[in-house]
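I have placed the structure first, in the form of structure tokens, so that the comments after it can refer back to it.
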Amino acid sequence: MHVSPLLSTVWKRMGPACRATGLAVALLGAAGPSAAQGHSGSALPANQQAPARYWVSLADKAGAHFSPKHYFSPAAQARRVRQHLPAFDATDLPVRSDYVAAIAARVDTITLVSRWFNAVACRATPAQAAALRALPGVAQVEAWPQRTAEAAAHQATKPVRYEPASAPKPISANDYLLARRQTAYLDGAALRAAGLAGQGMRIAVFDVGFRGLPEHPAFRELVAGRRIVATHDFLRNRDDVFIGGSHGTEVMGCLAGRLPGGPGGTSGPALGLAPDAEYLLARTEQLHRERYAEEEAWLAAVEWADRLGADIINSSLAYTEQRYFPEQMDGHRSLIARAANLAARKGVLVVSAAGNDGDDDWVRIGTPADADSALAIGGLDPETGLHVAFSSYGPTADRRPKPNLVAFGIVLTTTPGGGYERLEGTSFASPLVAGFAACLWQQHRELTAMQVFRGLEKSAELYPYFDYAHGYGRPRFAHFALSVPAVAAGPTFDFVPHDSLIAVVIRPEAALRPAETLPLMADQSEPALPAALPAPEAKSPADNVPHVGREQPVGPSPAPLPEPSYPAYLYWNLADRRGVLRRYETRAVTQRLVVQVPRRFLGGGNVLRIYFKGYTATFSE
């Protein structure tokens, strides 16, 4: 009997978090000491201490002049009209210039002015921060929390601009098969048949950099069609995002990249589901280190994306132990979780990678995936169709269900130098789902962002079953119809009560394994496999930078894989009366008697829920 790999860690995760909470990191609530104040016994007077970061909340926006038609792009205005939102609200009004000028005159540097939060981020000494508190219009001055850990080396790396390589890495038969699977598993063939490829949708991608993207043949159509609408580096305050890290290039491959085509320069099959969408590319993440400035950059980017009319934001970034304790992943502690929730109120669907900490001490999802209105995406193993070990688990610290959906966490995607490589990480599951969402929203443009969010959950393969590894499962195209109730599958199992236990028995008609037959016609959108390409040249120095979020190359391709034919898995969980899961498990069904649960586990309002072959049922005492 097969047991999902999630079971080895499920017990230790279900208990409450028990780390000490000596560092408060609420960015808009009580904050811990600044870096300048964090050295106990410092003999330096306050006016000689080094500048630290502060968050200055302002009291009002009285007298602010604002024209939404001049501030918002036509795409942003149209998005609000479609979703029956007001042309603007108070959070869109500009921060008062006199308040900003007064702060600028008294601090070293202003690093961010946020309309949404009516706040200013700055670098100041403790003495300067104290002076800010006395200014008219200043409601609160808070120190950013002290750093406790660096993600990597402190030294900055000189940005390396991509130089085209003459010989990209060969693409194996297995690579082509994986590329086919990663979109086919999300109903790629059905979406193509319906003419859905993200046309008319605008997707913002926040990442560490997009090195090599403009020259990569996978994005030839994207660049030629001028569908990269805008770019901005929010760390260096310039528009060039095509230097530095390549993680964004890898993520974009799972949205808009294409495999090599046939003769004449024709494009090959898509690696993602939204190759025809428009894109906004934002650099918000810095290589080598984790800094709170990146959350400022994320907030600046989300305000920018809203202004330019983004329908969807893909954020393949997860901030965890470098800044927070697990018990603080509650969806409202971090600045970017709050910003993600506010973006949803403005009609933007935020899709966020759950994180890659499932097999380490952190275990749970990071932020902004912990935000209530962010669609958190976990990873699946393409070989089993089950949770892949590195993918972070839910729930949130306040026990809300996460992740929401899943897709493949091992993919074939684009790399600098015109190459393609197998990579692993929930960073790639997230854009696969973001592209799927773009296609469905393209077909149902009248829906609001939260209707799409809930519709994606309800369309998922396992819904209404849920667990902290698989969420509601993979979203399905055929099930996405909010106005038409889904037709429930007939019963596939029965609960059989005994004196001391509840048995789950598969019905005979659901226990059959039909013989596999070849289809009448194969998917003709997939080209024949090309001949092997020349060996790759040496990589540039920037290629040695560790991938953001622990994404890593998978290594040599394994033995050839057949088309996926996963066994019929049975999923079960045990939840308390609040819906918090106490236990859950996935099993490959090899006999009709699958699960036996002691009846004592069903006391106190606990509910047993089972999913098998499209049918879900519950049992309670």
Side-chain angles (χ1 to χ4, degrees), residues 61 64-95 113-116 195-206 210 213-214 219 221-234 237-241 252 255-256 273-284 297-315 339-351 373 431 434-435 437-453:
K61 293 184 175 181
H65 298 286
F66 181 68
S67 170
K69 290 186 178 180
H70 289 93
Y71 178 74
F72 291 113
S73 71
Q77 295 174 50
R79 189 194 69 223
R80 294 191 176 216
V81 170
R82 280 195 307 272
Q83 301 191 43
H84 309 290
L85 296 170
F88 69 96
D89 59 38
T91 62
D92 299 313
L93 298 177
V95 177
V113 177
S114 171
R115 292 180 179 228
W116 286 12
L196 302 174
Q199 299 94 324
M201 301 299 298
R202 186 165 287 188
I203 304 174
V205 181
F206 299 172
F210 301 85
L213 187 149
F219 303 107
E221 289 186 2
L222 181 71
V223 173
R226 298 187 177 183
R227 284 184 283 106
I228 299 178
V229 176
T231 64
H232 196 76
D233 182 338
F234 287 91
N237 193 27
R238 61 188 184 186
D239 290 337
D240 187 2
V241 298
M252 277 293 291
L255 275 163
L273 295 169
D276 294 343
E278 295 179 337
Y279 288 91
L280 308 171
L281 306 184
R283 182 172 181 257
T284 65
W298 202 99
L299 172 58
V302 77
E303 294 189 23
W304 170 80
D306 170 53
R307 180 181 182 181
L308 295 182
D311 298 296
I312 298 171
I313 291 172
N314 181 81
S315 177
N341 286 333
L342 188 50
R345 283 173 43 191
K346 296 174 181 290
V348 181
L349 178 68
V350 180
V351 184
S373 298
C439 293
L440 297 188
W441 210 352
Q442 172 191 346
Q443 189 180 53
H444 301 275
R445 289 295 269 163
E446 75 284 358
L447 299 180
T448 68
M450 291 313 296
Q451 284 176 326
V452 173
F453 184 111

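Along the sequence shown, the residues carry numbers beginning at 1. Keep in mind that what you see is a predicted model, and the values were worked out from it rather than measured.
Every ring-ring contact (aromatic ring centres under 6.0 Å, His included) that Trp298 has, sequence neighbours left out, goes to Phe206. Under the rule for a ring-ring contact (aromatic ring centres under 6.0 Å, His included), Tyr279 has no partner lying at least two apart in sequence or in another chain. Scanning for salt bridge (Lys or Arg N to Asp or Glu O under 4.0 Å) contacts around Arg345 gives an empty result, with sequence neighbours left out. Under the salt bridge (Lys or Arg N to Asp or Glu O under 4.0 Å) criterion, Arg307 pairs with no residue at all, not counting sequence neighbours. Considering only residues two or more places apart in sequence or on other chains, Gln77 meets the side-chain hydrogen bond (donor to acceptor under 3.5 Å, both in side chains) condition with none of them.
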**Message:** side chain to side chain contact (heavy atoms under 4.5 Å, CB included) for Val351 and Ile313? Distances and angles first, verdict last.
**Reply:** CA-CA 6 Å; Val351 184; Ile313 291 172; over 6 Å; no

**Request:** Could you check Phe72 against Phe88 for side chain to side chain contact (heavy atoms under 4.5 Å, CB included), going step by step and ending with a plain yes or no?
**Result:** CA-CA 9 Å; Phe72 291 113; Phe88 69 96; 4.2 Å; yes

**Request:** Apply side chain to side chain contact (heavy atoms under 4.5 Å, CB included) to the pair Phe234 and Arg283, showing each step before the final yes or no.
**Result:** CA-CA 6 Å; Phe234 287 91; Arg283 182 172 181 257; over 6 Å; no

**Message:** Could you go through Arg227 and Glu278, starting from their C-alpha distance and side-chain angles, then the distance that decides it, and tell me whether this counts as salt bridge (Lys or Arg N to Asp or Glu O under 4.0 Å)?
**Reply:** CA-CA 5 Å; Arg227 284 184 283 106; Glu278 295 179 337; over 6 Å; no

**Request:** Please step through side chain to side chain contact (heavy atoms under 4.5 Å, CB included) for the pair His444 and Val452, ending with a clear verdict.
**Result:** CA-CA 9 Å; His444 301 275; Val452 173; over 6 Å; no

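Taking the side chain as every heavy atom from C-beta outward, Trp304 and Leu280 approach each other to under 4.5 Å. Residues Val205 and Leu255 form a side-chain contact, since some pair of their non-hydrogen atoms from C-beta on lies under 4.5 Å apart. Using a 4.5 Å heavy-atom cutoff, the side chains of Thr448 and His84 are not in contact. Using a 4.5 Å cut-off on side-chain heavy atoms (C-beta onward), Ser373 and Met450 make contact. Between Leu213 and Ile228 the shortest side-chain heavy-atom distance falls below 4.5 Å. Side-chain contact between Ser114 and Glu303 is present, with at least one heavy-atom pair separated by less than 4.5 Å. Side-chain contact between Arg82 and Arg445 is present, with heavy atoms from C-beta onward closer than 4.5 Å. Using a 4.5 Å heavy-atom cutoff, the side chains of Pro214 and Phe219 are not in contact.
No donor-acceptor pair under 3.5 Å is formed between the side chain of Asp239 and the backbone N or O of His232. Here the side chain of Gln442 pairs a donor or acceptor atom with the backbone of Gln199 at under 3.5 angstrom. No donor-acceptor pair under 3.5 Å is formed between the side chain of Lys61 and the backbone N or O of Val95. Not one N or O on the side chain of Asn314 forms a donor-acceptor pair closer than 3.5 Å with the backbone of Ala434.
Atoms NZ and CG, from Lys346 and Asn341 in turn, are 13.0 Å apart once rounded to the nearest 0.5 Å. Taking CE of Met201 as the reference point, atom CG of Asp276 lies at 13.0 Å (rounded to 0.5 Å). Atoms CH2 and CG, from Trp116 and Leu299 in turn, are 7.5 Å apart once rounded to the nearest 0.5 Å. Taken from CD1 in Ile203 to CE in Met252, the straight-line distance is 8.0 Å, to the nearest 0.5 Å.
Shortest non-hydrogen contact noted between Ala230 and Leu308 is CB-CD1, 3.7 Å. What you find for Val241 and Asp233 is that their closest heavy atoms are CG1-N, 3.7 Å. Nearest heavy-atom pair across Pro94 and Phe66 is CD-CD1, 3.9 Å. Annotation for Cys439 and Leu273: closest pair SG-O, 3.0 Å, computed over non-hydrogen atoms. Nearest heavy-atom pair, Leu222 versus Ala277, reported as atom, atom and distance to 0.1 Å: CD1-O, 4.0 Å. Here the closest non-hydrogen pair linking Pro68 and Ala87 is CB-O, 3.9 Å.
Among residues at least two apart or in separate chains, salt bridge (charged side-chain N to carboxylate O under 4.0 Å, His left out) pairs with a member in residues 71-80 are Arg79-Asp306, Arg80-Asp92, Arg80-Asp306.
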